[in-house]
Protein chains: 2
Amino acid sequence: MATISDVARMAGVSTATASRALNGKSTVDPELAARVMTAARQLSYQPNGPARNLRRQEAAVLALIISDVENPFFTSIARGVEDVAHEVGYSVVLCNSDENAEKERRYIDVAIQERVAGVILSPTGESTTVDPLLARGTPMVTVDRPLTDRTSDTVLVATLESAREATAHLMAHGYRRIGCITGPSGVRTADDRLAGYREALRAAKHPSSARLVRRTEYREAGARRAMLDLFDQAEPPDAVLVANSAMAVGVLAALKELGLRPGADVGVVAFDETPWAALVDPPLSVVAQPAYEVGQAAARLLLSRIEDTDRAPTTTVLGARLIARGSSAGPVG
Amino acid sequence: MATISDVARMAGVSTATASRALNGKSTVDPELAARVMTAARQLSYQPNGPARNLRRQEAAVLALIISDVENPFFTSIARGVEDVAHEVGYSVVLCNSDENAEKERRYIDVAIQERVAGVILSPTGESTTVDPLLARGTPMVTVDRPLTDRTSDTVLVATLESAREATAHLMAHGYRRIGCITGPSGVRTADDRLAGYREALRAAKHPSSARLVRRTEYREAGARRAMLDLFDQAEPPDAVLVANSAMAVGVLAALKELGLRPGADVGVVAFDETPWAALVDPPLSVVAQPAYEVGQAAARLLLSRIEDTDRAPTTTVLGARLIARGSSAGPVG
DNA sequence: ATGAAAGCGCTAACAA
DNA sequence: TTGTTAGCGCTTTCAT
């Protein structure tokens, strides 16, 4: 593979001049620059990234470590990050931690070793996994979930408030015994959604009971089982707040099995807008999170922190929007 | 940030010994090795990736360039690739070419510059974008779509045959005028699905007409418009074959707008199984592509090619499975 | 404006 | 088994 020395030799200049020409430095004779560019083209020269990064002590690469590539919420974030990063010449590498602290730690190590310019991550939970990043002062932004001590820039969605609003919406539409299916204890979004749900019930002096709440991993199968379990009781709920879209699939599947109709028999509001939410019968009411905007905001914060490492950490909270559809239109009978 | 020299100094050995110890080479005194490891831990030593890669002339990283991160088919492939790669110590970086030849070229350049060990990609179309890869002999596997000249390992799904089978299935269930909504001309999967559809009609001596076929980008909005357009004719189809799941959303949305019921009024079979296919009413018949297995196979092929660059290129074709549900149960009346 | 030369951190060939 | 040393390809002083 051609190196910069080959290019320099062919153009009849030193490697220093070749480097300057290739990097568009102004201090180089136009005629020489042209010779260099021609030589580079003829040799199909591609700079050696590791060599450049070694010398520069930094790569124009951002690492984005997300907890689930198959979750549309996170892929939308990825799009937002990419679009902002590409505008200013950064590449983005996507790493899938799979809600697994071990994989997360591994990818953080890779990011450090590759000396990426910065890291955006949705922390799996334990704030200790990011210590290596903090210790080295690697610019970092957390999304979706905060670290306990807020030592980094953070971009969040007002998820507690949205859960409260969604629960109030269910009550306003006549549902009386509202349940909640949320993610694992310790996962901040799961806890917040539950807290918002409880606040709304308390404010309305509605019955609230641990028997109406189920916690499970953020996946379809767990949510389906949780829903069946809720309805295996003497007094099942007449509505549920569901904490993400994969879970919503499980909940709707469970209702189908039980022969119950969303909306009329059991009110449903789920977090995350999806392409299919409007297609099911009745259409699914959702809390639409501004995922793409979260990604954009995170990327901008990260870039600004790369510029200025000393700036104090900030927390950005974006609002979510309740989209009311048939699945929360009100009970029948 | 601590370097290997710092570690060596602290352990009282040379950098060479430190390097050997850190890399688990057997030819190092256990006691010295222990001293090195301790020093490394105390200094929070993390190897400098660019330096190592520069020296080794290769990085234990695979690049996976897919055409749409938001398409579940491709994210499943990504999971398959990751699982295989991680087993043998490779990292995977995901790049989103967004069905855009320009972005694809850009990511290919990045992959070359970073000297990744190999590349897996779903080529956007023009086979010329991969020339730089071929020219440098970078190990490469293409997935989902072949290059015109099959100069690389390729993993495909038997998509033409599946389209034929799905179309035959629609005919067998009593649909008479079957339409097809597929992707852009020149995109191999789109062309194959159309060809399979046509073969099935021809074999059954069914009416076939250009007026029953629409081509559009592989997205929801285009498919919705195409479907509305199909039904804006004197003799609309009574069934459609749809080329991916995003398009299926658009098609089902169009039917809803038209007040037509899938299955009873218009038969529908779409490519790609999704979590929600069984949830809509009636459930959606699909051609389930083995995406995860495609990813696994591609990763294995790539790793074997990294081992042996000279092996002749192979083509692997995996079968897809038709899952018949209510949306193709047969017309009513 | 250009070139010579140093050096980023690491690994591997070679010597001892 | 260990250390010395060269050098991967690039950018960037420092001289000129």
Side-chain angles (χ1 to χ4, degrees), chain A residues 1-37 39-40 43-61 89 109-117 136 138, chain B residues 1-37 39-40 43-61 89 109-117 136 138:
Chain A
M1 209 169 308
T3 71
I4 201 171
S5 314
D6 300 326
V7 174
R9 197 176 316 119
M10 186 176 218
V13 300
S14 71
T15 59
T17 300
S19 172
R20 287 188 275 251
L22 259 2
N23 290 296
K25 296 268 196 287
S26 54
T27 63
V28 58
D29 186 292
E31 203 242 324
L32 287 193
R35 288 221 309 265
V36 170
M37 299 317 272
L43 294 168
S44 302
Y45 171 74
Q46 287 276 22
N48 183 311
R52 163 181 280 170
N53 297 337
L54 172 59
R55 177 62 226 227
R56 289 207 180 140
Q57 298 286 45
E58 169 178 294
V61 173
D109 282 350
V110 171
I112 292 172
Q113 289 172 14
E114 296 304 322
R115 306 300 198 256
V116 301
R136 283 181 176 68
T138 302
Chain B
M1 209 170 308
T3 72
I4 202 171
S5 315
D6 300 327
V7 174
R9 198 176 316 117
M10 186 177 222
V13 299
S14 71
T15 60
T17 299
S19 172
R20 287 189 277 253
L22 258 4
N23 289 295
K25 296 270 197 284
S26 54
T27 64
V28 55
D29 184 292
E31 202 242 324
L32 287 192
R35 289 221 309 266
V36 170
M37 299 317 271
L43 295 167
S44 302
Y45 170 74
Q46 287 277 21
N48 182 312
R52 162 181 282 170
N53 298 337
L54 172 58
R55 176 63 225 225
R56 288 206 181 143
Q57 298 286 46
E58 169 178 297
V61 173
D109 282 350
V110 171
I112 291 172
Q113 289 172 15
E114 296 304 323
R115 305 298 197 261
V116 300
R136 283 181 176 69
T138 304

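Any value given below was found using the heavy atoms of this structure, including those in side chains, with hydrogens, waters and symmetry copies removed. Chain A is the first sequence line, chain B the second, and so forth, proteins listed ahead of strands; every chain is numbered from 1.
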Within the structure provided, determine whether [X] and [Y] are in side-chain contact (heavy-atom separation under 4.5 Å).
X      : Y       : value
E58(B) : V116(B) : no
M37(B) : L22(B)  : yes
T3(B)  : N48(B)  : no
R20(B) : V13(B)  : no

Interatomic distance where [atom1] belongs to [X] and [atom2] belongs to [N] [whole Å]:
X       : N       : atom1 : atom2 : result
K25(B)  : dT1(D)  : NZ    : P     : 14 Å
I112(B) : dG9(D)  : CD1   : C1'   : 17 Å
I4(B)   : dG3(D)  : CD1   : C1'   : 13 Å
E31(A)  : dT2(C)  : CD    : P     : 9 Å
Q113(B) : dG9(D)  : CD    : P     : 15 Å
R20(A)  : dA4(C)  : CZ    : C1'   : 11 Å
N23(B)  : dA12(C) : CG    : C1'   : 11 Å
M1(B)   : dG9(C)  : CE    : P     : 10 Å

Closest to side chain of [X], choosing from [options]:
X      : options                 : value
T27(A) : dT2(D), dT11(D), dT2(C) : dT2(C)
R52(A) : dC10(D), dT5(D), dT2(D) : dC10(D)
N48(A) : dT11(D), dG9(D), dC8(C) : dG9(D)
L54(B) : dC8(C), dC8(D), dA12(C) : dC8(D)
T15(B) : dG3(D), dA4(C), dT11(C) : dT11(C)
V13(B) : dG3(D), dT2(D), dC10(D) : dG3(D)
S14(A) : dG3(C), dT11(C), dG9(D) : dG3(C)

Could you pick out which residue, R56(B) or S26(B), lies toward the 5' side of DNA chain D when each is mapped onto its nearest nucleotide?
->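 The answer here is S26(B).
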
Using the closest heavy atom to pick a nucleotide of DNA chain D for each, name whichever of Y45(A) or V28(B) lands nearer the 5' end.
->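 Looking at the nearest nucleotide for each, V28(B) comes out on the 5' side.
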
Would you tell me if any nitrogen or oxygen in the side chain of T3(A) comes within less than 4.0 Å of OP1 or OP2 on dG9(D)?
->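 T3(A) to dG9(D) OP1/OP2: no side-chain N or O under 4.0 Å.
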
For dG9(D), does OP1 or OP2 lie under 4.0 Å from any side-chain N or O of Q57(B)?
->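 For Q57(B), the contact criterion (side-chain N or O under 4.0 Å from OP1 or OP2 of dG9(D)) is met.
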
With heavy atoms under 4.0 Å as the rule, sort P50(B) into base, sugar-phosphate or nothing.
->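 P50(B): no heavy atom of the nucleic acid under 4.0 Å.
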
Which part of the nucleic acid does N53(A) contact within heavy-atom distance under 4.0 Å: base, sugar-phosphate only, or nothing?
->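 No contact.
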
Look up atom CD in Q46(A) and atom CZ in R136(B), then write down how far apart they are to the nearest 0.5 Å.
->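 One finds 5.0 Å between CD of Q46(A) and CZ of R136(B).
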
Please step through side-chain contact (heavy atoms from CB on, under 4.5 Å) for the pair N53(B) and E114(A), ending with a clear verdict.
-> CA-CA 9 Å; N53(B) 298 337; E114(A) 296 304 322; 3.6 Å; yes

